[in-house]
Asker: 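What follows is a single structure, and I will ask about it in a moment.
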Amino acid sequence: MKKVEAIIKPFKLEEVKEALTELGITGMTISEVKGYGRQKGHTEVYRGAEYKVEFNPKTKVELIVDSSVVEKVIEAIRSAANTGKIGDGKIFVLPVDDVMRIRTGEQGKEAI
């Protein structure tokens with residue numbers, strides 16, 4: 001099993017969700033986060049005053065999937081979240097040793 005974490009632009013969430021649903025992904029966790037990468041924030045003007053916004057709003061999508069579908073999940077997220085502009089985000093893949101469904105006690109692949 002693998003944990004896939006994707007940091008994407010907030011307006012791309014619906015497209016990513018639809019792409020994952022088409023693959024049969026039944027659950028995910030979504031968080032509103034802030035951060036920056038190479039773009040290192042940007043400058044905005046508010047009421048005539050210029051100020052630097054160092055952390056851009058992003059959306060974090062987390063899901064646990066079977067190892068056999070990881071590549072399909074990564075490609076689905078990448079193609080759905082891609083705008084071709086700086087700040088599109090990142091995808092991280094981490095190993096998961098075990099999963100347990102609290103309600104039933106199911107473990108491993110059955111608990112996903």
Side-chain angles (χ1 to χ4, degrees):
M1 291 176 290
K2 302 286 184 181
K3 179 178 185 180
V4 178
E5 293 183 3
I7 309 297
I8 61 172
K9 291 183 175 184
F11 66 88
K12 286 296 201 170
L13 176 59
E14 193 59 34
E15 290 176 54
V16 169
K17 187 183 82 130
E18 288 173 11
L20 292 171
T21 301
E22 286 178 18
L23 285 179
I25 302 301
T26 57
M28 62 188 78
T29 301
I30 309 299
S31 306
E32 293 179 10
V33 296
K34 292 183 180 186
Y36 69 87
R38 290 184 180 163
Q39 78 268 28
K40 298 203 174 38
H42 61 280
T43 303
E44 289 187 4
V45 177
Y46 179 71
R47 295 188 177 187
E50 192 174 284
Y51 65 98
K52 184 163 176 70
V53 177
E54 291 185 0
F55 296 102
N56 295 315
K58 301 287 184 177
T59 299
K60 183 177 184 180
V61 180
E62 299 174 273
L63 50 148
I64 308 297
V65 297
D66 189 67
S67 298
S68 63
V69 298
V70 168
E71 293 303 320
K72 290 179 184 176
V73 167
I74 291 169
E75 182 53 32
I77 294 170
R78 193 205 62 74
S79 61
N82 184 20
T83 67
K85 296 179 181 167
I86 194 165
D88 274 352
K90 297 267 193 302
I91 300 172
F92 305 95
V93 180
L94 303 117
V96 173
D97 293 333
D98 201 6
V99 176
M100 178 181 276
R101 186 181 311 261
I102 294 172
R103 180 178 54 86
T104 63
E106 292 173 298
Q107 276 188 275
K109 213 161 97 170
E110 293 78 32
I112 299 179

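Sequential numbering from 1 along the given sequence is applied to the chain's residues.
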Asker: Could you measure the distance from the NZ atom of Lys17 to the CG atom of Leu13? Nearest 0.5 Å is fine.
Answerer: 7.5 Å

Asker: Could you pull out the closest heavy-atom pair between Pro57 and Lys34, with the gap in Å?
Answerer: CA-CG, 4.3 Å

Asker: To check you understand the geometry: which heavy-atom pair defines the closest contact between Leu63 and Gly27, and what is its length?
Answerer: CB-O, 3.8 Å

Asker: Kindly compute the distance separating CD (Glu15) from NZ (Lys9), expressed to the nearest 0.5 Å.
Answerer: 12.0 Å

Asker: Same hydrophobic cluster for Leu23 and Val69, using side-chain heavy-atom links shorter than 4.5 Å among ILVMFWY?
Answerer: yes

Asker: Can you check whether Thr83's main-chain N or O pairs, donor with acceptor, with Asp88's side chain at less than 3.5 Å?
Answerer: yes

Asker: Do Val70 and Val96 share a hydrophobic cluster (ILVMFWY, side-chain heavy atoms under 4.5 Å, transitive)?
Answerer: no

Asker: Do Val33 and Phe55 touch side chain to side chain, with heavy atoms closer than 4.5 Å?
Answerer: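 SC-SC contact between Val33 and Phe55 ruled out.
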
Asker: Between Val93 and Ile7, is there a shared hydrophobic cluster once you connect ILVMFWY residues whose side-chain heavy atoms come closer than 4.5 Å?
Answerer: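 Result: no, two separate clusters.
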
Asker: Looking only at heavy atoms, which two atoms of Val16 and Ile8 are closest? And how far apart?
Answerer: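 Looking at all heavy atoms of both residues, the closest pair is CG2-CD1, 3.8 Å.
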
Asker: I'd like to know if Lys72 pairs up with Glu75 as an ion pair, taking the criterion as any Lys NZ or Arg NE/NH1/NH2 lying under 4.0 Å from an Asp or Glu carboxylate oxygen.
Answerer: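 No, Lys72 and Glu75 are not salt-bridged.
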
Asker: Report yes if some heavy atom in the side chain of Pro10 is under 4.5 Å from a heavy atom in the side chain of Glu32; otherwise report no.
Answerer: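 Of all side-chain heavy-atom pairs linking Glu32 with Pro10, none is under 4.5 Å.
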
Asker: Identify whether Val65 and Val61 are in the same connected component of the hydrophobic contact network (ILVMFWY, side-chain heavy atoms under 4.5 Å).
Answerer: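 Yes, Val65 connects to Val61 through the hydrophobic network.
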
Asker: So how far is it from Met1 CE to Asp66 CG, rounded to the nearest 0.5 Å?
Answerer: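 It is 8.0 Å, given to the nearest 0.5 Å.
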
Asker: Any chance you could measure Ile77, atom CD1, to Ile25, atom CD1, to the nearest 0.5 Å?
Answerer: 8.5 Å

Asker: Rounded to the nearest 0.5 Å, how far apart are CD1 of Ile64 and CE of Met28?
Answerer: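 CE of Met28 is found 12.5 Å from CD1 of Ile64.
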
Asker: Closest approach of Asp98 and Gly108, non-hydrogen atoms and distance?
Answerer: OD1-N, 3.4 Å

Asker: To the nearest 0.5 Å, tell me how far Ile30 CD1 sits from Lys60 NZ.
Answerer: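 Ile30 CD1 to Lys60 NZ: 11.0 Å, rounded to 0.5 Å.
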
